[in-house]
Amino acid sequence: MDEKIMKFLRKNNIHISNIKYLLRQENKTCIYMTDGRVVKTFITVKDLYEILIPYDYISINKGTVVSRGQIDHIENCTYHMKDGVRLEGRKRGAATHKFLNKSLHQDLAKTLSPNIRTRFSVLDDMPLAFCVIELIFNKNGTGIDFVFRYCNKEMLLLEGMDVQEILDQSFYQVFPNGDKKLLVAYTDVAVNGGSCRLKTYSARIHRELIIKCFQPLENFCACILIPAYEIEK
């Protein structure tokens, strides 16, 4: 089911970080996007929610899932979203809603403190491709994906992509045909620290790459990408 959902997201150009909320309407799941689109599907809210949980999405009522980052404030179990929409949360969960409302601003401060983009902005113009990816865990504490938290200009140039196509996006969405074996090494570095040197072939850019990895923060892996040589098509 996970692969089916990821395929659906890729087909409809849906980046997880751009989903505002899911609503069950007229027997379909309606995916509301930050770009104004509303994508409808027969995939259930429950199945989509299982994919979204690690990315800070929460279920506030039956058939309603929202991104924490899209919540402006919560008042009397009503979620006031940043786009002006109001969504009703579970009445029996009033205490939970109140606690979440209080934590929203605390989470924002916590996020801004170790801001990865600010930390590495000095490398924006470095003539080597560089990125930082974060290991994302599911509700059972198992690492399931990586999300790009920083990339410099050379990385964008190397991959031929815009910043919005990479930043805060899932590894599987940015590189659907990427070498999954790399993720094993990235996970080891992100969790256990140390460094490693990898060699891989990128079919996307027709080049072999040398990737040097190290752990800048716990659960993060930083990568320097160096093209080995260009492979003829």
Side-chain angles (χ1 to χ4, degrees), residues 2-20 31 33-35 37 39 48 50-57 67 69 111 115-117 119-121 123-124 126 128-138 142-191 196 198-217 219-228 230-231:
D2 288 5
E3 182 56 37
K4 177 183 176 182
I5 293 175
M6 296 305 289
K7 185 177 180 180
F8 164 79
L9 296 178
R10 290 194 293 268
K11 180 181 178 181
N12 289 276
N13 193 30
I14 298 174
H15 296 290
I16 289 176
S17 63
N18 294 334
I19 297 175
K20 295 190 294 185
I31 306 172
M33 308 291 297
T34 56
D35 61 9
R37 290 185 297 145
V39 182
L48 277 168
E50 288 297 317
I51 295 292
L52 297 177
I53 288 175
Y55 301 90
D56 228 5
Y57 286 78
S67 165
T111 300
N115 193 293
I116 293 297
R117 294 168 204 173
R119 279 174 177 253
F120 290 99
S121 60
L123 303 179
D124 284 354
M126 182 174 72
L128 290 175
F130 179 81
C131 67
V132 179
I133 49 182
E134 179 184 5
L135 180 61
I136 299 296
F137 297 88
N138 63 15
T142 304
I144 61 168
D145 194 7
F146 276 98
V147 172
F148 287 87
R149 297 306 188 194
Y150 172 83
C151 59
N152 67 358
K153 296 175 184 177
E154 191 68 21
M155 171 79 176
L156 298 175
L157 184 63
L158 176 67
E159 297 295 344
M161 303 176 78
D162 295 325
V163 66
Q164 62 267 23
E165 295 180 274
I166 295 183
L167 214 55
D168 295 328
Q169 305 302 333
S170 159
F171 179 92
Y172 295 109
Q173 286 192 290
V174 177
F175 302 112
N177 299 314
D179 186 353
K180 301 301 190 292
K181 290 184 290 186
L182 293 176
L183 296 183
V184 176
Y186 295 160
T187 299
D188 182 56
V189 170
V191 174
C196 69
L198 309 167
K199 188 174 183 179
T200 187
Y201 171 71
S202 172
R204 178 186 175 84
I205 61 174
H206 306 289
R207 289 186 179 188
E208 280 196 338
L209 296 173
I210 302 297
I211 304 176
K212 297 183 178 181
C213 308
F214 65 93
Q215 184 198 61
L217 289 169
N219 297 330
F220 287 81
C221 178
C223 303
I224 299 173
L225 293 83
I226 305 171
E230 185 165 352
I231 305 295

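Source: prediction; values computed, not measured.
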Study note, to complete from the structure: dist Phe148:CZ -> Ser17:OG (nearest 0.5 Å) comes out at 12.5 Å
Check your understanding: Quick check: does any side chain N or O of Asp35 sit under 3.5 Å from a backbone N or O of Arg37, one acting as donor and the other as acceptor?
Key -> yes
Check your understanding: Roughly how far apart are Arg207 CZ and Ile226 CD1, rounded to 0.5 Å?
Key -> 12.5 Å
**Study point:** salt bridge (charged side-chain N to carboxylate O under 4.0 Å, His left out) partners of residues 5-19, not counting sequence neighbours, each pair once
**Key:** Glu3-Arg10
Practice item. Check whether any side-chain N or O of Tyr55 sits under 3.5 Å from a backbone N or O of Ile16 as a donor-acceptor pair, and report yes or no. Key: no
Review point. Got a sec, which residues hit side chain to side chain contact (heavy atoms under 4.5 Å, CB included) with Thr200, two or more places apart in sequence or on another chain?
Key: Asp179, Leu182, Leu209, Ile211
Exercise for review: May I ask you to decide if Glu134's main-chain N or O and Tyr186's side chain share a donor-acceptor pair within less than 3.5 Å?
Suggested key: no
Practice item. Enter the distance from Met6:CE to Ile14:CD1 here, rounded to the nearest 0.5 Å. Key: 10.5 Å
Practice item. Find the distance between CZ (Arg119) and CG (Leu217) and round it off to the nearest 0.5 Å. Key: 4.5 Å
Check your understanding: Which heavy-atom pair separates Glu208 from Lys199 by the least distance, and what is that distance?
Key -> OE1-CE, 3.1 Å
Exercise for review: Answer yes or no: is there a donor N or O on one side and an acceptor on the other, between the side chain of Tyr57 and the main chain of Ile19, under 3.5 Å?
Suggested key: yes
Practice item. Drop me the distance from Asp124's CG to Cys151's SG, to the nearest 0.5 angstrom. Key: 9.0 Å
Study note, to complete from the structure: Which of Leu135, Thr187, Val189, Val191 passes side chain to side chain contact (heavy atoms under 4.5 Å, CB included) with Cys221? It is Val189
Please tabulate, one pair per line, all N/O donor-acceptor pairs under 3.5 Å involving side-chain atoms of residues 153-164, not counting sequence neighbours.
unit_1	atom_1	unit_2	atom_2	d
Lys153	NZ	Asp125	OD1	2.8

Review point. CD1 of Ile224 to CG of Asn152: how many Å apart, nearest 0.5 Å?
Key: 9.5 Å
Study note, to complete from the structure: Heavy-atom nearest pair, Phe146 first then Leu183, reads CD1-CD2, 3.6 Å
Practice item. For Phe220, check ring pair (Phe, Tyr, Trp, His ring centres under 6.0 Å) against everything at least two apart and list the hits. Key: none
Practice item. Using side chain to side chain contact (heavy atoms under 4.5 Å, CB included) as the criterion, list what pairs up with Asp188, not counting sequence neighbours. Key: Asn192
Check your understanding: Looking at residues at least two apart in the chain, or sitting in another chain, which of them share a side chain to side chain contact (heavy atoms under 4.5 Å, CB included) with Ala222?
Key -> Phe130, Val132, Phe214, Pro216
Exercise for review: Determine whether Asn12 and Ile31 make a side-chain contact, defined as any pair of heavy atoms from C-beta on separated by less than 4.5 Å.
Suggested key: no
Exercise for review: Report yes or no: does Gln215 contribute a side-chain atom to a donor-acceptor pair with the main-chain N or O of Ala190 at less than 3.5 Å?
Suggested key: yes
Practice item. Locate the shortest heavy-atom distance separating Tyr150 from Leu123; write the atom from each residue and the value. Key: OH-C, 3.4 Å
